[in-house]
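A short worksheet on the structure shown next.
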Number of protein chains: 4
Amino acid sequence: MHLILDLDSEAPIYQQIRDRVVEAIAEGRLAAGASLPSTRQLAVDLAINFHTVNKAYDLLRREGIIRISRKSGAVVRPDAGQGPAEPQAVADWERRARTLLAEAVVRGVPREELVDRIRVALDGFGVGRGDT
Amino acid sequence: MHLILDLDSEAPIYQQIRDRVVEAIAEGRLAAGASLPSTRQLAVDLAINFHTVNKAYDLLRREGIIRISRKSGAVVRPDAGQGPAEPQAVADWERRARTLLAEAVVRGVPREELVDRIRVALDGFGVGRGDT
Amino acid sequence: MHLILDLDSEAPIYQQIRDRVVEAIAEGRLAAGASLPSTRQLAVDLAINFHTVNKAYDLLRREGIIRISRKSGAVVRPDAGQGPAEPQAVADWERRARTLLAEAVVRGVPREELVDRIRVALDGFGVGRGDT
Amino acid sequence: MHLILDLDSEAPIYQQIRDRVVEAIAEGRLAAGASLPSTRQLAVDLAINFHTVNKAYDLLRREGIIRISRKSGAVVRPDAGQGPAEPQAVADWERRARTLLAEAVVRGVPREELVDRIRVALDGFGVGRGDT
DNA sequence: GTGGTCTAGACCACT
DNA sequence: GTGGTCTAGACCACT
């Protein structure tokens, strides 16, 4: 799994790892059931502290996106994106989406362009397309 | 201007203020040219320190969303959302949107529902609709 | 005298007035001995408080750039830009110039471009050209 | 890094710190990639509050001149002064330069002396000389 | 009356 | 150990 960090960003590294993994799953680069690199391996690859990778994986586990076991390490949950989403998580997501959309509107991005950009992004995601 | 904070949220208070103001502008509750409460006043209303409000207003100013002067306090920029958006800001926005969309996809929100929710949110925004 | 203010700027209005007057003198739009508008007139033209204009004029007077008398109001000093500059003022000016140049260099403006831009600016100034 | 403040100056302390750091980078005393003192350390050295240093560093970060991380503290961006300067920033810079030059002209500094002083200042800057 | 700056100290987040 | 956030209060600058 290739994964690019932006050390200049104000976003914490563990959050960036979490975000990139989520994107990789959405894009289909990380299939359901696939293994993530070991925390130590990824830490070496990214030249960061292994506790930071640990924190990212733990976050993904708590979000129900991956499973972690001593035997098989971290794997993408086979049912990720299958069952209905948790109402609580969806409500929270919707609030964040609202803020993000409001920002674009206030910045003067035309609605058509906005919807287009969202469509393009969604088209890049192979998971959950309904034809799976 | 009514504005609700979540003190339990991990999002800093100043960021929440910024987000709520942006939403209020997008919704049309805060019109272009309208005054925001003074930093001290809003601090009293929200039962927080005025420096925190200051930081939020300063952030909005640097984003080009409000104008601040010692004379007239903070006002929504009359040209907010008028001119074309800055490419840099739009690129940054798109990255954040991608991450957010990926999360929804991975959580199993169907695409139709996703697009619907976005449409509903956009319909709640009065600004920049083109027919104004 | 036409004079444009930027109310969005963080620079105080009195400082902007002072700066614009200095530029007008350098450009030759305000000749040595010429009268400035009365403080009340300028305040009306700029839609600002007349105390603010007063403060700007007082600053120009203290800098030795204009003379103020009850009889003839504010006039550009006839000897502005004639005699040798005050060493103290020049030293102070040089420090500010150093900071400004350092900023351009750090931002990556090539030296040739830097010198060119300065030359162009100086060419727009009619006063003190030596051929007067 | 040695750095001298003028507590009597009307320029805010955080701005002075920012200006001195920019000069140190232009002079080559602070190389690309070099570390700045920690906010707390510099505050002790300058006998000021660490929040003031924080504000200066935050300003430098927003200007894209330094990078800040909790791990390695503040470092001069390796690419500072490398890529082409932002047009917006250059336009703003040019306006300030115009005002500064006008002031010198009005004060009676001869053009030759003016250009000489600028050349001398630029010669003191090791960064971006093209022959490096 | 408004925002801006500075000091001071507490506590937290990240690595 | 580093920076980030928040509170608190004083004083100043601008209009």
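Protein chains get the first letters and strands the later ones, always in sequence-line order, with residue 1 at the start of each. Side-chain atoms are counted along with the backbone in the values below, which use heavy atoms only and exclude waters and symmetry mates. Note that this is a predicted model, so its numbers are computed, not measured.
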With a 4.0 Å cutoff (strictly under), does any side-chain N or O of [X] reach OP1 or OP2 of [N]?
X	N	result
B:K55	F:dC6	no
B:T52	F:dT7	yes
B:Y14	F:dC6	no
D:T39	F:dG3	yes
D:S72	E:dT15	no

Base, sugar-phosphate or nothing for A:I48? Non-hydrogen atoms, less than 4.0 Å.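 It contacts nothing in the nucleic acid.
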
Using a 4.0 Å heavy-atom cut-off across all strands, classify B:Y57 as base, sugar-phosphate, or nothing.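 No contact at all - B:Y57 keeps every heavy atom at 4.0 Å or more from the nucleic acid.
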
Please determine, for the side chain of C:N49, which listed nucleotide (F:dT15, E:dC14, F:dC14) has the closest atom?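 Nearest nucleotide to the side chain: F:dT15.
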
Can you tell me which nucleotide in F:dT7, E:dG4, E:dT15 comes closest to the side chain of B:R70?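 Taking heavy atoms from C-beta onward, the closest nucleotide is E:dG4.
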
Please convert DNA chain F into dot-bracket. A pair counts if it is Watson-Crick or G-U wobble with both distances under 3.5 Å; crossing pairs go in [ ] and bases paired with another strand get |. ||||||||||||||.

How long is the span from the CD1 atom in D:I4 to the CD1 atom in D:I17, to the nearest 0.5 Å?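 With rounding to 0.5 Å, CD1 (D:I4) is 13.0 Å from CD1 (D:I17).
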
Any donor-acceptor N/O pair, D:T99 side chain to D:R95 backbone, under 3.5 Å: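 Such a contact is found between D:T99 side chain and D:R95 backbone.
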
Please figure out whether B:I68 or A:P12 has its closest DNA chain E nucleotide nearer the 5' end.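 Checking each residue's closest nucleotide, the 5'-ward one belongs to B:I68.
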
Pairwise 5' ranking along DNA chain E for D:R40 and B:G73, keeping only the more 5' one: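 Going by which nucleotide is closer to the 5' end, it is B:G73.
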
Does C:A11 or D:Q41 map to a spot on DNA chain F nearer the 5' end, using the closest nucleotide for each?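 The answer here is D:Q41.
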
Go through the side-chain N and O atoms of C:Q88 and C:D92 and say whether any donor and acceptor fall under 3.5 Å apart.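 No - no donor-acceptor pair under 3.5 Å links their side chains.
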
Expressed as a whole number of angstroms, how long is the span from [X]:[atom1] to [N]:[atom2]?
X	N	atom1	atom2	result
B:E10	E:dC11	CD	P	21 Å
B:L46	F:dC6	CG	P	12 Å
C:I13	E:dG3	CD1	C1'	13 Å
B:N54	E:dT7	CG	C1'	15 Å
B:F50	E:dG3	CZ	P	9 Å
B:I66	E:dT2	CD1	P	15 Å

Can you see which heavy atom on B:T39 is nearest to which on B:F50, and at what distance?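 Closest approach of B:T39 to B:F50, heavy atoms only: O-CB, 4.2 Å.
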
Can you tell whether the side chains of [X] and [Y] come within less than 4.0 Å, N to carboxylate O?
X	Y	answer
D:R29	D:E23	no
D:D58	D:K55	no
D:E103	D:R98	no

Side-chain donor or acceptor of B:H51 under 3.5 Å from a matching atom on the base of E:dG3?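 When only heavy-atom distances are counted, B:H51 does not reach the base of E:dG3 through any donor-acceptor pair under 3.5 Å.
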
